[in-house]
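Notes follow once the structure below has been shown.
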Amino acid sequence: MTVTDIGSDSAALMIRAQDVQGRSLWVDAWQRLLKNRAAVVSMIVLGTIAVLAILAPWLSQYSYDFQDYAVTSCAPNWWNEPGICNAGGTHWFGTDSLGRDLFVRVLFGARVSLAVGLVATLVSLMIGVLYGATAGYLGGRVDGVMMRLVDVLYSLPFIFFVIILMVVFHRNFYLLFVAIGAVEWLTMARIVRGQTLSIKQKEFIEAARAAGVGSLGIIRRHVIPNVLGPVIVYVTLTIPAVILAESFLSFLGLGIADPLTSWGVLIADGTAQMENCPWLLIFPCAFMTATLFCFNFIGDGLRDALDPKDR
Amino acid sequence: MVSYALRRVLGAAPTLLIIITLAFFMMRLAPGGPFDSQRHLPAEIERNVAAAYNLDKPIYEQYAIYLDRLMHGDLGPSYKSKDFTVGQLIAEGLPVSAKLGLAAIAIALLLGIALGVTAALHQNMAADHGIMSVAMFGITIPNFVTAPLLTLLFGVYGLKLFGTDVSLPVAGWNGGQLRNMILPVMVLALPQIAIIARLVRGSMVEVLHSNYVRTARAKGLSSYRIVTRHALRAALLPLVSYLGPAIAQLATGSLIVEQIFQLPGIGRYFVLAALNRDYTLVLGVVIFYAAFIIFLNLLADILYAVLDPRVSYRT
């Protein structure tokens, strides 16, 4: 082997290293996710619903609380059933018993449901990650006490406490976010703690400590970025759980109050009138079920994409 | 073993106390008293009413009185249904809820285990994929969607089998007749069937790949005997610890189901009480549910320890 050979070899190696450089774990995971057909379709569907929800006020000539008494409980145009009135061309999903346009109301329901899902998940994310990372990192007795508290809270039937909260504070919209978020952080804390426990044994943490980084700095700069993978997966599974919890409360009449609406409220309304106006039930159910499926498929896809074992 | 069980029982007591305390003080946070109404009663009568319900005493004393009565199994009077105590209302709803819940869990166990084992035995084949995608539906779609849709399908539009109309009643209890129970039990059982099928499939696949099953095969046992005598026993163990949470889910599920089908169970009383702000009834039902769930979790844990020789009691 001559000197020039070695030189060209190392040059080739360097080029290859440059190729690889741009591909972090996240780029890798993203590309694996794009290969998952169910996840990609879910992202497109979910994106469409989200965009529709955001643009809802400008998509239809009706507002969500406009009541047109000329067309109460009317089916959409293409619904051909004798004896049922026709809502006319501009009410795409028909109208409810107060003559409100169902299309706009479903989209406004999507706004509320998705907003509750995101905000409450964010609340649970912040509490859970901070709590879990602290407990896992500090370890020892502090960890024992902190996790014992989580265990106790875990055994409480929390949906009942949310119901009590809603009863006591009279269906307060903002409290709903907080109450559901406060329920959902427990699992997050457990996941983060478990991950933190295994990460804190690694050499780079030791190196950081040797370099004089404080506990808070290590948690923030080194621990949290490394537990992000499982956390992201769990977040995509928490959002549908939160949407479900909100709809559950709204369905029972303890959540969002009229005229503002959510999918739970719409489904409850639809259930009450399903014998005469099945479209009032079918459209909100379809949107809600589609959304829940999308989140589940994306969550599954992310789990596969971020799992280093499959590589 | 006995000390393990005793420790678990002692561990459950503080949890229950925390629940009672939290629920009690959350209820007392409510703005306004339970008897604030539009009409103005003479101050004297209001004082008497407050005294009758101990509302004139300081809050810690009310809490002590409540705890003391609870120890004697007395959940106090209902604030809104004046002639009933909370205990009476719960006792009235319990048979309905219990009947629904038991029927649902029995069906869920039977179907769930059968489907899960079938899927595991045909791992990665068409039957497996089919069962697991149906299970995905069962887990994802919430019961307040399945309930009205099934009612629409079987109740409103009806179902014609062999020329006879067999559509099911849309709502009502009707003394607990079978026809009235089919839809609610189906709605309650569906997600549980799906979850149990997934659980059983997972553990069964694992067990089928374990060494002792291979040994059993090597001994030349028939595959029927291997599945029923060797694999199934180990594969069903995780189910035992799932039963506690399952019952809890059935309890919350029954809130919805009893509401939709207008069944006179505990869940319906609870929702009505929550909407009417009947504080004592809400409090009573929450405590009842919590005690029940804790008890079942406890039972499941102890049962698990008894059944699984690998669990050490020293934890």
Side-chain angles (χ1 to χ4, degrees), chain A residues 38 148-149 151-171 179 240-241 243-245 247-254 263-264 267-276 278 280-282 284-297 299-300, chain B residues 11-12 14-16 18-19 22-24 26-32 136-137 139-149 151-152 155-157 170 244 248-249 251-253 255-256 259-260 267 270-279 282-283 285-287 289-294 297-298:
Chain A
R148 180 81 198 124
L149 183 70
D151 285 345
V152 170
L153 289 177
Y154 225 85
S155 60
L156 305 186
F158 249 109
I159 196 71
F160 295 113
F161 278 92
V162 176
I163 290 177
I164 294 185
L165 271 181
M166 297 321 284
V167 170
V168 171
F169 293 103
H170 249 315
R171 309 161 110 202
I243 291 178
L244 266 185
S247 301
F248 175 82
L249 288 175
S250 292
F251 186 91
L252 293 178
L254 292 164
W263 285 334
I267 293 174
D269 286 353
T271 306
Q273 301 172 57
M274 65 183 164
E275 288 168 49
N276 303 317
L280 287 180
L281 177 65
I282 290 168
C285 281
F287 269 73
M288 173 151 189
T289 316
T291 306
L292 294 177
F293 265 111
C294 288
F295 274 115
N296 275 339
F297 282 130
D300 280 355
Chain B
T15 312
L16 192 59
I18 291 174
I19 291 175
L22 262 178
F24 181 85
M26 272 164 84
M27 277 299 169
R28 284 299 182 280
L29 275 180
M136 177 91 182
F137 267 87
I139 289 173
T140 310
I141 303 179
N143 50 11
F144 53 87
V145 171
T146 46
L149 287 184
T151 315
L152 202 60
V156 179
Y157 292 137
V170 180
Q249 280 186 16
T252 43
L255 293 188
I256 293 278
Q259 179 82 353
I260 290 181
F270 180 63
V271 173
L272 285 179
L275 291 173
N276 290 334
R277 321 189 95 206
D278 187 343
Y279 295 132
V282 170
L283 194 58
V285 175
V286 165
I287 291 172
Y289 270 134
F292 189 58
I293 291 168
I294 288 176
N297 272 325
L298 197 69

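The sequence lines fix the lettering, A, B, ..., with proteins before strands; numbering per chain opens at 1. Values reported hereafter were calculated over all heavy atoms of this structure, with side chains retained and with hydrogens, waters and symmetry mates removed.
Smallest separation of non-hydrogen atoms from A:Ile267 and B:Phe144: CG2-O, 3.5 Å. The two atoms that bring B:Leu255 and A:Phe248 nearest to each other are CD1-CZ, 3.7 Å, heavy atoms only. A pairwise comparison of heavy atoms in A:Phe251 and B:Ile256 identifies CD2-CD1, 3.6 Å as the closest pair.
Once rounded to the nearest 0.5 Å, the distance linking CD1 of B:Ile139 with CG of A:Leu292 reads 12.5 Å. Taking CG from A:Asp300 and CE from B:Met136, the interatomic distance works out to 5.5 Å, rounded to the nearest 0.5 Å.
Proximity to chain A (any heavy atom under 4.5 Å) is restricted, for B:Phe270, to the side chain, taken from C-beta onward. Heavy-atom distances place both the backbone and the side chain of A:Leu252 under 4.5 Å from chain B.
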